[in-house]
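Let me begin by presenting the structure, written as structure tokens, before commenting on it.
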Amino acid sequence: MLKSIRWRIAVPYLALILLVTLGVGITSNRFIRKIYEEETLDHLADQALLISDALADQPFPPSASQDLEEQALRWRALLDARVTILNQDGTVLADSDQDPQSAENALQNPEIQQAREQGRGHIIRYSPFHDQQMLFVAVPIKLSGQILGITRLAIPQSEITASQNQLRNKVFLIIGLTALGAILLSYLIAYLTTKPIIQLTKSTRKMTEGTLGGPLVSRGYSEIHQLTRAFNNLVKTLRSQIQALESEQEKLSAVLQQMTDGVMIINGEYEIELINPAAEVLFNTSAELAIGHSAAEVLRQHQWIDLLHSCREEGKEKARSLDLPGKDLFLQGIAIPLGESMPDHTLLLFQDLTRIKRLETTRQDFVSNISHELRTPLASLKALTETLQSGALEDPPAAERFLNRMETEVDALAQMVTELLELSRIESGQVPLELQHASVHSLVEAAIDRMRSQAERREITIETDLPGRLPEIEADPRRVEQVLVNLIHNAIKFSDPYKTITVGAKRDSHHVIFFVADQGIGIPPDDLPRIFERFYKTDQARSGRGTGLGLAISKHIINLHGGDIWAESELNQGSTFHFSLPSMDAG
Ligand code: ADP
């Protein structure tokens with residue numbers, strides 16, 4: 001209880017009030033007793049003096065003791081006190097309560113002695129006659145300075161005590177009520193003084209728990225109220241600072257959420273403190289699984305941990321690239337020490353360089369493929385030139401043969417250059433499609449017409465397989481014909497004489513699907529997924545002529561139309577190439 005400031009203020013007040021009340025009570029009790037005793041004593045003495053005066057006016061002792069007795073009884077009734085009249089030798093002349101004959105001489109009683117010597121005597125003592133403590137007051141009966149006798153009045157002490165108690169109770173009641181009022185007032189003062197402090201304490205506690213409450217009410221001008229107002233201002237400033245921080249944090253977290261690069265923050269114990277969604281995907285984890293766990297558990301590859309170590313040891317940025325096993329990913333990791341802002345913490349950035357690496361590989365492949373493809377025709381050209389130089393020119397029929405072969409090689413080179421140019425133009429989007437409504441029948445017929453003589457030369461039959469009604473397609477007819485010619489050309493090239501090639505089309509829900517089927521050498525299953533790549537040739541085809549670019553160009557053209565191209569094949573049985581194009585008639 002004493003921990004509360006309210007009680008700390010109230011308790012000393014209460015103790016003081018109780019102490020003062022106790023002091024006042026004890027003092028006033030003594031004071032009342034004394035005053036009351038003196039008052040009673042003086043009062044009795046005055047009454048005794050009046051009696052003594054009255055007795056001195058008449059002959060004393062009176063001749064008839066009977067008269068004195070009657071007077072004593074009358075005074076008793078008037079004064080409500082025992083009245084005793086004594087002779088100057090101490091014998092009792094009259095007594096309102098006792099027969100004077102049976103009363104003993106009272107000369108030696110202290111109050112009588114005192115009265116004779118000092119003019120007034122009093123004592124509280126036990127009275128065997130009344131069987132209780134009595135207050136006796138005695139004064140002399142004097143005439144011309146000579147003591148004639150003594151008047152003594154007595155009242156029971158219990159009467160004085162009862163009156164005293166009555167008065168004391170009244171005083172105590174007043175003191176008690178005053179003390180109670182003071183206690184209530186002290187509690188009220190403590191309550192009003194501490195109310196703002198308690199409010200402040202509660203608000204501060206809430207603040208430490210993370211809740212900023214509303215402003216506290218403060219209407220006064222005391223220091224505590226000024227403190228409350230200062231606290232309100234502090235809360236206001238804090239709120240606006242927290243809002244600013246929150247908005248900064250939201251921006252930062254939005255950036256981290258949307259970033260395609262993976263981000264992690266690693267603490268001094270090599271534990272992950274922050275991970276963004278991109279890093280979660282790269283390392284196949286989740287924030288719940290990663291945060292608070294060791295970096296090694298999540299990164300798994302020791303090379304990343306080495307990167308972290310060397311960044312920590314040298315205190316500077318470090319980077320390295322790595323293939324992620326089983327994920328076909330090539331990552332660059334950069335470790336950056338966070339320095340003063342977050343001591344012992346390291347920022348890890350992961351950039352997915354897979355596409356860049358793939359492009360680089362493609363570029364290298366392209367260069368090596370093209371040099372490989374150029375080497376054969378260039379080597380034969382060189383050999384033919386040398387043969388001509390070394391004397392073949394002298395033999396005109398041989399020279400003509402060599403020149404024909406040289407022409408074929410140059411044609412092959414020219415075709416390759418043309419196809420490469422074509423492919424690069426298509427890939428870079430420099431070939432705009434001239435889309436128009438085209439009839440499937442006329443496209444197929446036109447392509448077959450162009451290839452018929454070539455097929456006939458090799459005794460190969462070309463058939464069509466076209467349903468009576470086919471929807472039109474929206475396409476660039478020149479390009480679609482180019483694809484069909486490519487496919488028919490390959491079918492002739494990879495078929496033995498006397499075989500049949502079927503060119504046709506059928507409708508699908510939203511497409512028309514074209515096909516070119518042959519009975520040729522077929523494509524090995526391992527090569528089938530790769531034949532649409534640039535320069536790709538199967539082993540059987542290597543010996544023959546061809547650039548390996550035709551299917552790559554075809555695929556690009558079909559994809560530009562929003563269609564697809566694929567092949568099915570069985571070795572030594574034949575191949576069927578399909579491509580789809582969006583039809584005009586969705587039904
Ligand atoms: P190429 O100029 O070599 O024919 P393509 O891109 O047209 O280049 O074809 C790539 C490779 O696909 C060919 O070298 C060949 O190995 C294979 N190929 C294509 N069409 C057929 C087919 N109809 N039958 C068998 N193999 C084929």
Side-chain angles (χ1 to χ4, degrees), residues 362 365-366 368-377 408-427 444 447-448 450-452 454-455 457-465 479-504 513-560 564-579:
T362 312
D365 286 355
F366 184 77
S368 81
N369 281 332
I370 204 157
S371 21
H372 179 77
E373 290 302 322
L374 287 174
R375 198 181 302 138
T376 319
T408 315
E409 294 299 345
V410 171
D411 283 349
L413 277 175
Q415 197 201 340
M416 190 188 296
V417 171
T418 314
E419 285 186 353
L420 269 175
L421 260 175
E422 173 91 350
L423 184 64
S424 107
R425 283 176 60 224
I426 294 175
E427 277 184 348
V444 170
I448 292 175
R450 275 177 63 184
M451 299 308 293
R452 199 174 300 280
Q454 245 188 65
R457 265 205 302 277
R458 299 202 58 209
E459 310 277 354
I460 288 172
T461 319
I462 302 183
E463 287 179 352
T464 55
D465 179 5
R479 295 286 167 193
V480 177
E481 200 185 304
Q482 187 188 349
V483 174
L484 278 169
V485 165
N486 256 346
L487 296 180
I488 298 169
H489 183 239
N490 279 348
I492 296 170
K493 205 161 57 173
F494 298 109
S495 293
D496 291 332
Y498 312 112
K499 298 286 182 186
T500 303
I501 295 170
T502 313
V503 184
I513 297 175
F514 292 79
F515 60 87
V516 176
D518 64 48
Q519 298 164 340
I521 59 169
I523 303 164
D526 288 348
D527 294 322
L528 203 56
R530 302 196 58 190
I531 52 170
F532 294 99
E533 289 175 19
R534 279 184 298 201
F535 296 112
Y536 196 83
K537 291 183 196 173
T538 62
D539 280 342
Q540 304 108 294
R542 288 225 169 265
S543 49
R545 292 273 173 233
T547 56
L549 292 171
L551 286 180
I553 293 174
S554 301
K555 183 176 163 61
H556 274 290
I557 291 175
I558 298 302
N559 288 163
L560 274 179
D564 212 355
I565 186 165
W566 67 99
E568 290 160 0
S569 184
E570 218 172 302
L571 213 51
N572 300 320
Q573 297 295 314
S575 317
T576 305
F577 282 78
H578 305 263
F579 65 88

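It should be emphasised that the depicted structure is a prediction, and the values quoted were computed from it without experimental measurement. Numbering of ligands and ligand atoms starts at 1, following listing order.
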### Query
What part of K493, side chain, backbone, both or neither, has a heavy atom within less than 4.0 angstrom of ligand 1?
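It is the side chain that touches ligand 1; the backbone stays farther off.
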#### Entry: Within reach of ligand 1, part of D518 (heavy-atom separation under 4.0 Å)
side chain
Taking only heavy atoms of [X] into account, list the atoms of ligand 1 that are under 4.0 Å away from them.
| X | answer |
| --- | --- |
| L549 | 6 (O), 8 (O) |
| I523 | 25 (C), 26 (N), 27 (C) |
| S575 | 24 (N), 25 (C) |
| T538 | 15 (C), 16 (O) |
| I531 | 12 (O) |
| L551 | 5 (P), 6 (O), 7 (O), 9 (O), 10 (C), 12 (O), 19 (C) |

### Task
Mind running side chain to side chain contact (heavy atoms under 4.5 Å, CB included) on I513 and F515 for me, showing each step along the way?
CA-CA 7 Å; I513 297 175; F515 60 87; 5.6 Å; no
### Polar contact flag for G548 and ligand 1 (N/O pairs, less than 3.5 Å)
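Yes.
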Solution key, residues 483-491 side-chain donor-acceptor pairs under 3.5 Å, sequence neighbours excluded:
unit_1, atom_1, unit_2, atom_2, d
N486, ND2, G550, O, 3.2
N486, ND2, S554, OG, 3.0

### Message
Testing the basics here: between I426 and H556, what is the closest heavy-atom pair and its distance to 0.1 Å?
### Response
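Scanning both residues completely, I find the closest heavy atoms to be CG2-CB, 3.5 Å.
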#### Entry: Minimum heavy-atom distance R458-I492, with the two atoms named
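Result for this residue pair: NH1-O, 2.7 Å.
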### Close approach, F532 and ligand 1, non-hydrogen under 4.0 angstrom
no
Contacts under 3.5 angstrom, residues 522-535 side chains, donor-acceptor by atom type, not counting sequence neighbours:
unit_1, atom_1, unit_2, atom_2, d
D527, OD1, Y536, OH, 2.5
R530, NE, E533, OE1, 3.2
R530, NE, E533, OE2, 3.1
R530, NH2, E533, OE1, 2.8
R534, NH1, E427, OE1, 3.2

### Task
Starting from the C-alpha separation in whole Å, work towards a yes-or-no answer on side chain to side chain contact (heavy atoms under 4.5 Å, CB included) for F579 and I557.
CA-CA 11 Å; F579 65 88; I557 291 175; over 6 Å; no
### Query
Is there a donor-acceptor contact under 3.5 Å linking the side chains of Q482 and R479?
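Q482 vs R479: donor-acceptor pair found between side chains.
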### Message
Considering Y536, F535, F494 one by one, which has a heavy atom nearer to atom 24 (N) of ligand 1 than any of the others?
### Response
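Among Y536, F535, F494, the closest heavy atom to atom 24 (N) of ligand 1 comes from F494.
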### Point-to-point distance, once rounded to the nearest 0.5 Å, from CG of L420 to CD1 of I553
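So the CG of L420 and the CD1 of I553 are separated by 8.0 Å.
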